[in-house]
Every structure is written in C-alpha cells, then in structure tokens.
Amino acid sequence: MDDWDESDELIQKLDFSSCAEENEMEEDSSIQEEAPQSSSPQKSWDFQSWRVNSSLAVTPKRKVGDVSLTRTKAWVSPTVDSASSLRKNAGPAWECPGTPLHYSLLTKTAFPSTVGKFPSKGPRHLRFTPGADPDDSAQASLVNINPFTPESYRQMLFPPNGKRKARGEMKQLNSVEWNQACRRFLLRESNMVSRYKKEFLELEKIGVGEFGSVYKCIKRLDGCVYAVKRSKRQMALREVYAHAVLGHHPHVVRYYSAWAEDDHMIIQNEHCNGGSLQDALLENAKTGHYFQEAELKEILLQVSMGLKYIHSSGLAHMDIKPSNIFICHKLVTDGSAAQEESDSEDDGFSSNVAYKIGDLGHVTSITNPQVEEGDSRFLANEILQEQYCYLPKADIFALALTMALAAGSGPLPRNDAMWHHIRRGNLPPIPQQLTHGFHGLLKLMVHPDPVARPSATALTKHPILRPSLGKAAQLQKQLNVEKFKTAMLERELRAARLAQTFRKDQSLGCARLESETSSKQNCNKRLVGGKNSRSFSFTWGGY
Ligand code: ATP
Ligand code: MG
C-alpha cells in the first residue's frame, strides 16, 4: 500500500461492487487524452544525429524498423503459419489485423472466471465458448509464442508435427478465414468494457516514456497500489514476454498482468514507491548531493543481483540506465512479530531500500539475439558494431555508466570524441574521491573488451561489494583447516590409546600365563590328566 489518505471519497471510488457495470457506460476520457507517440521525436532525432556523427558507425546500418521486422519474423508462431504469408504481404506484423486477435485471446483466457462473476449485458462482451461458433475453436488455438521460453518447453507445447495434446485440434486458417476472424475480433474488442477503468482507480501519472505513459493506480479488488503502463501495443509485447518468463526476483520489478485494449498494451507492475534512480539523481542534482560510496556499492550490488538473475535466464536487458532502475523504500510494518518474519526472508531489502531493474522493453535472448539498441549514452561499442556474442557484458558496461552518473558525473555524451573516449575504457569524470578498488572495479566494467568486464555473477561475489562474504569465506577456510587438524589429532590419540591397551593386555597375559604355568605344575604333581589345557584363556581388549 502507498501513502494515500483514506478519504471517504476515495473509499467510495474504490467500491468494487459499483464499478463493474457502471463504468462500462463511462467515456474513456483519461485514457484517450494520453495517446502517446510511437516514439519520442526528441529521442529518435538524437539517435539519428548520433549515428551520423559517430565515426565508428559501420555499414550497412539498420533502422529501428528493420530490426523489428526481422524480429517479428523470427518470433512468429508455428501455429499461425498459414497467416505468415498474409503477414508478409501486409507488412510488419504489428500492422497486420491478426495481431489483436492474440492479445484479445490472452486477455480473456487469463481471466476465465470473471465471465461467470460479472454476467454479460449482451453481445458487447466477449464469449469464449468453444464450439459455439465454428471459428471460435480456431481462435482458441491461436496463441503467441513467447520467444524467451526455452526451446524444449516450446517443443513440448508445439511439437514439430503440429499435434498438440491439448484439448481441441489446431485449425489452420486460410487467409480469408484469418481476415474474417480478425475483423470480428477487432469489432468485439472495441466494444469491450475498459478493463483498466473497471479494475483500477487511477491516482496519478508517474511517468511518460518512449512508448507510453505510466500511471499509479489502486486495484479496486485488492486495494493495493500498482504501476500500470500503457504502451503502443506492438512495442510492449517484448516486455510482456520477458516479464512472463522471468517470474519473481527481489531485484526485478514484479509483473502482475498484461492485456490489450484500445490499441494499447497495458502492463500491471509492482509500484516502486521511490520512483526511478533517475528521479533520485535529479533530486540530488538540485541539492548538490551525490550518492556516497557505500550507497553506490549497495546499488551496484543489488542491480548486479537482478542482472545475474536476468542473465541466468538466458536474457539480456539491453537498456540499463538510471530511468530503468527503480527504488522501493521498505514500508514500516506493524508489530514486532511481522518484523521478525520479514527479517528471516530475503525480500531484497538492505538498509530498507531495494533497487530493482524495470522496463524490459529491450530485453533479448542471449543465444538468439534480436537486438533493439537502447539509449546511445549507455551503449557498448560492440553493440554498435553489431557484435552480439557477449550481450550480458553490454549490460555491465551500461551499469558502470549508470553508477558513474549516480556518483555525480555530468551528462553522458551521445556521440563525438567523449563518447569514444569512454568506449576506450575510461570512466567519465567523477566529482568525488572513490576508493582505488571501487574506482578500479567501475573502470573494469567499461573495459573495451567485453570479456575483460566482470560478469554479473562475479559482481555479486566481489570482495569490494561484499567484503563480509570474503571474510566469511576466509573464516570458513580457516575453520576447515582447524577441523582437519583436530580430526588428525583425534585419530592419533585413538591409535595411541589402542597401542597402550595392547601393551597392557600383553603384559597382563604374560603374568597370567606365568601364574597358570606354575599352578599347573603344582597340580600335575597332584592330578592325573594334568596335561589338559582347557582352563587357559587369553582375551584381547579387556578394557
Ligand atoms: P523510458 O523511455 O524513459 O525508459 P519507457 O517508456 O521505457 O520510458 P518506463 O521506463 O517503464 O517506460 O517508465 C517511464 C517512467 O515511469 C519511469 O522513468 C518512472 O518514472 C515511471 N515508472 C515506470 N514504472 C514504474 C514503477 N514500476 N514504479 C514507479 N514508477 C514507475
Ligand atoms: Mg524506461
């Protein structure tokens, strides 16, 4: 929950029971007013000028549109083969009327139970009753293929022979059927109640990005605050795919849901109550304050943990920068019991603040890269050169420059001599004295050779960032040596005791033997059969 007052008005607005049907009639004014541009003119201008000015630019250079076209081809679902030829003729997939069909399907199938809970008023609602309409069964078999899922998983869902074990057979649509299905879906979708308006109360706009706007909202049902991002849908699918594959990690902004409406993709994410690192840096700039080394190390460590998770999932972020790192301040929990509970879990908080990686709009697979370059100020040179063998190291490069900014560096260059100077392995000037070790680590992260840069995993264990880990490892080593020595001494002690026992037994045995021999001799003098030796016994280890 966030820090908002529980005014009567707000509580009234949050009354979920009143919203389901009433809101259907409302004009979607708040959403309509924010129809964002597909890309920021400022950003694209900068990018182009940087391209022209960069002396390292190699030919042929791709345009963003070219990259996207390739990507779309690579990700197209095997289940929509019959549509792919149509798509090719119609241009890039996001212009194809088939695309909304997938989104609509995802939206509805994600919440099958709501159909029952909120009875439909009439034909304006989508219905998924397989078999009710001859085309519905075909639509129900159309799904997007997430390019970030492991190949083995995809093959399990969609075996090469096309025979899926799920209910219902795949129906391959010819182009006419495809067009008809899409038209009808579009028609239905545009008549839908806005799920956004129905399920969320918009509190404020918290960000305007390259592809859309982000709003702070309360979900009417659970009363919690979320960040809801509205993007031009074709741009946001990559982000949805990445979030869905990544799952939960304390240093990655959490994803809850995504759906399409009004030609936009809506993504419901965890709301980070401290805003972005960029917001914090702007605030710092106003007051002339910089993050100090201890804080910088904490940020670097936490973001490295998030990156380690992303990289170990086979993905690279490709747009690490202050505006894509989010801050969560831990909220005070009532009661000491709750405090004890949270202490025992790794919730990602250290000193009550967690840094999380967000905006997965540029994420790509490491093994099958479809790179859409991020912000040129943070771009590693090898990515400019279209060498994609070490994508995770491009994130490390961008993270180092992010840290330099957090340490107080001035604005980073987008091009020209200074841009190249940094790509030769130099950090931008930092206006505070950092320790030699930490400065050296940041410098290593911008090394021109990506192989020389530390990996995210190495950073999470680095003695400069985790001295306690080094100390613990050292103590553990010492402890192991001491344990080994103790074990050896115990063995020697046991052997010595055994030898001592043996000697005692031996001397005891000799004494008995002697006394028995003498008594036998006496007996022999008195008894017949005195040669019988059965009374003699010698036992080892009597102790
Ligand atoms: P950009 O081009 O600046 O990277 P974008 O379109 O890629 O923007 P985001 O980075 O996801 O979109 O969000 C834009 C801004 O919205 C952020 O800089 C931040 O201020 C705010 N914002 C986004 N997500 C969240 C969140 N989960 N919690 C809090 N604020 C957020
Ligand atoms: Mg962003």
Side-chain angles (χ1 to χ4, degrees), residues 1-4 34-47 64 200 202-219 224-243 246 248-258 264-284 303 306 310 317-331 348 353-364 372-379 395 398-399 401-402 405-406 411-412 414:
M1 293 291 290
D2 216 323
D3 49 346
W4 44 274
E34 282 308 326
Q37 301 296 312
S38 62
S39 68
S40 139
Q42 179 61 41
K43 191 159 185 170
S44 58
W45 183 87
D46 283 334
F47 187 78
V64 173
F200 295 89
E202 193 176 291
L203 295 181
E204 59 174 308
K205 191 186 211 174
I206 49 175
V208 183
E210 199 181 344
F211 300 125
S213 306
V214 183
Y215 298 87
K216 179 178 174 181
C217 298
I218 298 179
K219 185 164 179 175
C224 289
V225 175
Y226 296 91
V228 180
K229 185 170 175 177
R230 299 188 72 249
S231 310
K232 281 284 177 193
R233 61 171 56 180
Q234 62 271 19
M235 303 299 182
L237 194 53
R238 186 186 279 241
E239 186 165 5
V240 173
Y241 281 145
H243 268 302
L246 279 174
H248 301 167
H249 187 271
H251 299 293
V252 175
V253 171
R254 189 165 167 180
Y255 157 81
Y256 288 89
S257 184
H264 281 79
M265 176 67 85
I266 307 214
I267 306 178
Q268 176 196 354
N269 278 337
E270 159 188 22
H271 175 253
C272 300
N273 56 11
S276 71
L277 182 60
Q278 176 64 17
D279 299 334
L281 296 187
L282 290 174
E283 212 39 54
N284 282 356
V303 178
I310 293 173
H317 185 278
M318 303 309 292
D319 199 22
I320 292 290
K321 59 179 178 175
S323 65
N324 290 336
I325 292 171
F326 296 91
I327 304 173
C328 288
H329 295 291
K330 193 168 194 167
L331 299 175
V353 59
Y355 297 93
K356 305 190 178 209
I357 300 170
D359 189 358
L360 308 186
H362 290 257
V363 163
T364 187
E372 194 179 279
E373 289 160 14
D375 194 317
S376 69
R377 292 170 297 171
F378 301 85
L379 191 68
D395 285 342
L399 180 55
L401 295 185
T402 300
L405 287 176
L412 294 173
R414 291 179 187 273

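Both counts, for ligands and for their atoms, begin at 1 and track the order of listing. Residues take their numbers from the sequence shown, with the count starting at 1.
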Based purely on interatomic distance, does [X] place a nitrogen or oxygen under 3.5 Å from a nitrogen or oxygen of ligand 1?
{"X": "F326", "answer": "no"}
{"X": "N324", "answer": "yes"}
{"X": "E270", "answer": "yes"}
{"X": "D359", "answer": "yes"}
{"X": "D319", "answer": "no"}

Is any protein N, O or S atom closer than 2.8 Å to the Mg ion (ligand 2), and if so, which? N324 OD1, D359 OD2
Check the pair L237 / M265 against side chain to side chain contact (heavy atoms under 4.5 Å, CB included), numbers first and verdict last. CA-CA 8 Å; L237 194 53; M265 176 67 85; 3.9 Å; yes
Taking only Lys NZ, Arg NE, NH1 and NH2, and the carboxylate oxygens of Asp or Glu, determine whether K229 and D359 approach each other closer than 4.0 Å. yes
Step-by-step side chain to side chain contact (heavy atoms under 4.5 Å, CB included) determination, H317 to L360: CA-CA 6 Å; H317 185 278; L360 308 186; 3.7 Å; yes
Where A227 and V214 come nearest, the two heavy atoms and their spacing: CB-CG1, 4.1 Å
Heavy-atom closest pair, residues G374 and L379: N-CD1, 4.4 Å
Test item: E239 and I267 side chains (from C-beta on) under 4.5 Å apart, heavy atoms: yes
For the residue pair S213 and K205, establish whether any side-chain heavy-atom pair is separated by less than 4.5 Å. yes
Could you tell me which atoms of ligand 1, counted from 1 in the order shown, lie closer than 4.0 angstrom to a heavy atom of D279? 20 (O)
Taking 4.0 Å as the limit for heavy-atom contacts, which would you say applies to V214 with ligand 1: side chain only, backbone only, both, or neither? side chain
Between A227 and ligand 1, find which residue part has any heavy-atom pair under 4.0 Å and reply side chain, backbone, both or neither. side chain
Using side chain to side chain contact (heavy atoms under 4.5 Å, CB included), reason through E204 and Y215 one step at a time and then give a plain yes or no. CA-CA 6 Å; E204 59 174 308; Y215 298 87; over 6 Å; no
Who are the ring pair (Phe, Tyr, Trp, His ring centres under 6.0 Å) partners of F378, not counting sequence neighbours? none
Among all residues two or more places apart in sequence or in another chain, which pass the ring pair (Phe, Tyr, Trp, His ring centres under 6.0 Å) test with H243? Y255
Determine, using heavy atoms of Q278 and all atoms of ligand 1, whether some pair is separated by less than 4.0 Å. no
Within the structure, is a non-hydrogen atom of S323 found at a distance of less than 4.0 Å from ligand 1? yes
Test side-chain contact (heavy atoms from CB on, under 4.5 Å) applied to V253 - qualifying residues, sequence neighbours left out: N269, E270, C272, F326, K356
